[in-house]
Amino acid sequence: MPPKKRARSSAKSNKHTDADAQHSEVSDDVAQLKTGKRKSHWLMKSEAESRIENGVDVKFGIEDLKSLPNQTGCWDGVRNYQARNFMRDMKVGQQAFFYHSNCKEPGIAGLMKIVKEAYVDHTQFDTKDAHYDPSSKADNPKWSMVDVQFERMTKRFIPLTELKKYHLQHKAKGEPLKDMALFTRARLSVQPLTAEEFDFVLSLENEDPR
DNA sequence: GCCAACGTTGGC
DNA sequence: GCCAACGTTGGC
């Protein structure tokens, strides 16, 4: 049984998105090679607390991933073009933070890795699914998903509030989290991190909370 | 539960 | 292709 992720944007056609995304990906690649800031790590949001959407509970926390066979599941239900396009960029072996969103204490709970690259998200055709998309056709599916495997919990939960403090500090000083997508692109449920951002966030698990 | 931010839709 | 209206995200 596939996990249920939150991604609630209604999914009607958007004829510009695919082509635009490809163009920007090419120029991004060039820019990122030059700066050494190619996106290579990810942050993926999911709701760890129960919430009913279209009659279905969308709860899927890191413990739910951990309890699946092989601690592996598909990241279905993403219904936003930018988030989808980031999933299509993912490569096997890359690491992602598991972020708990829309809950009492939002933040990073653990690490997972990509174990299967993007393929068709079957839930878009499932009328019983919380993220069923009647506008997507079998001969031209709109939505993709990847498979992820639980890697480990972070040594401590890293709350959004703490990340935000660093983000604000770093904006002033030009340090690692100054452009972190979690703050510059707050509503994006699948987002890239540079290696520098990823390493900084991960280093926090060894620090005292502040 | 509120609502700011922002992505999507559709009339024109 | 503009942009007002609408719908969703997600912190608070």
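To find a chain, count down the sequence lines: A is the first, B the second, and so on, and within it residues start at 1. Computed from heavy atoms alone, side chains included, the values below leave out hydrogens, waters and symmetry copies.
A/E105 pairs by the salt bridge (Lys or Arg N to Asp or Glu O under 4.0 Å) definition with nothing, not counting sequence neighbours. Every residue meeting the side-chain hydrogen bond (donor to acceptor under 3.5 Å, both in side chains) condition with A/Q95, not counting sequence neighbours, appears here in chain and number order: A/E151. Legend: residues meeting side-chain hydrogen bond (donor to acceptor under 3.5 Å, both in side chains) with A/T127, ordered by chain and number and at least two apart, are absent. Listed by chain and residue number, A/E162 satisfy the salt bridge (Lys or Arg N to Asp or Glu O under 4.0 Å) test with A/R156 (two or more places apart in sequence, or in another chain).
A straight line from NZ of A/K142 to C1' of B/dG7 spans 14 Å, rounded to a whole angstrom. Distance, A/N102 CG to B/dG1 P: 13 Å, rounded to whole Å. Atom pair A/E105:CD and C/dG11:C1' shows a separation of 13 Å (rounding to whole Å applied). Between the P atom of C/dG10 and the CZ atom of A/R51 lies a distance of 10 Å, rounded to the nearest Å. To the nearest angstrom, P of C/dG10 lies 15 Å from CG of A/L163. The separation between A/I52 atom CD1 and C/dT8 atom C1' is 18 Å, rounded to whole Å. Between the P atom of C/dG11 and the CE atom of A/M180 lies a distance of 12 Å, rounded to the nearest Å. Taking atom NE2 on A/H167 and atom P on C/dG11, their separation rounds to 14 Å, with Å as the unit.
Annotation for A/M145: hydrophobic cluster partners, listed by chain and number, are A/Y119 (ILVMFWY side-chain heavy atoms under 4.5 Å, direct or chained).
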Just the atom pairs and distances: protein N or O near nucleotides 3-6 of chain B's N or O, under 3.5 Å.
from, atom 1, to, atom 2, distance (Å)
B/dA5, N3, A/R187, NH1, 3.3
B/dC6, O4', A/R187, NH1, 3.0
B/dC6, O2, A/R187, NH1, 2.2

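The aromatic rings of A/F86 and A/W42 are tilted relative to each other, their planes meeting at an angle between 30° and 60°.
With C/dG11, B/dG7, C/dG10 as the choices, the nucleotide that has an atom nearest any side-chain atom of A/N80 turns out to be B/dG7.
Among the atoms of the strands shown, only primed sugar atoms or phosphate atoms (P, OP1, OP2) are found under 4.0 Å from some heavy atom of A/Y99.
Taking 4.0 angstrom as the limit, A/K164 places a side-chain polar atom (N or O) nearer than this to OP1 or OP2 of C/dC12.
Checked for salt-bridge contact, A/K59 and A/D64 meet the test: a charged N lies under 4.0 Å from a carboxylate O.
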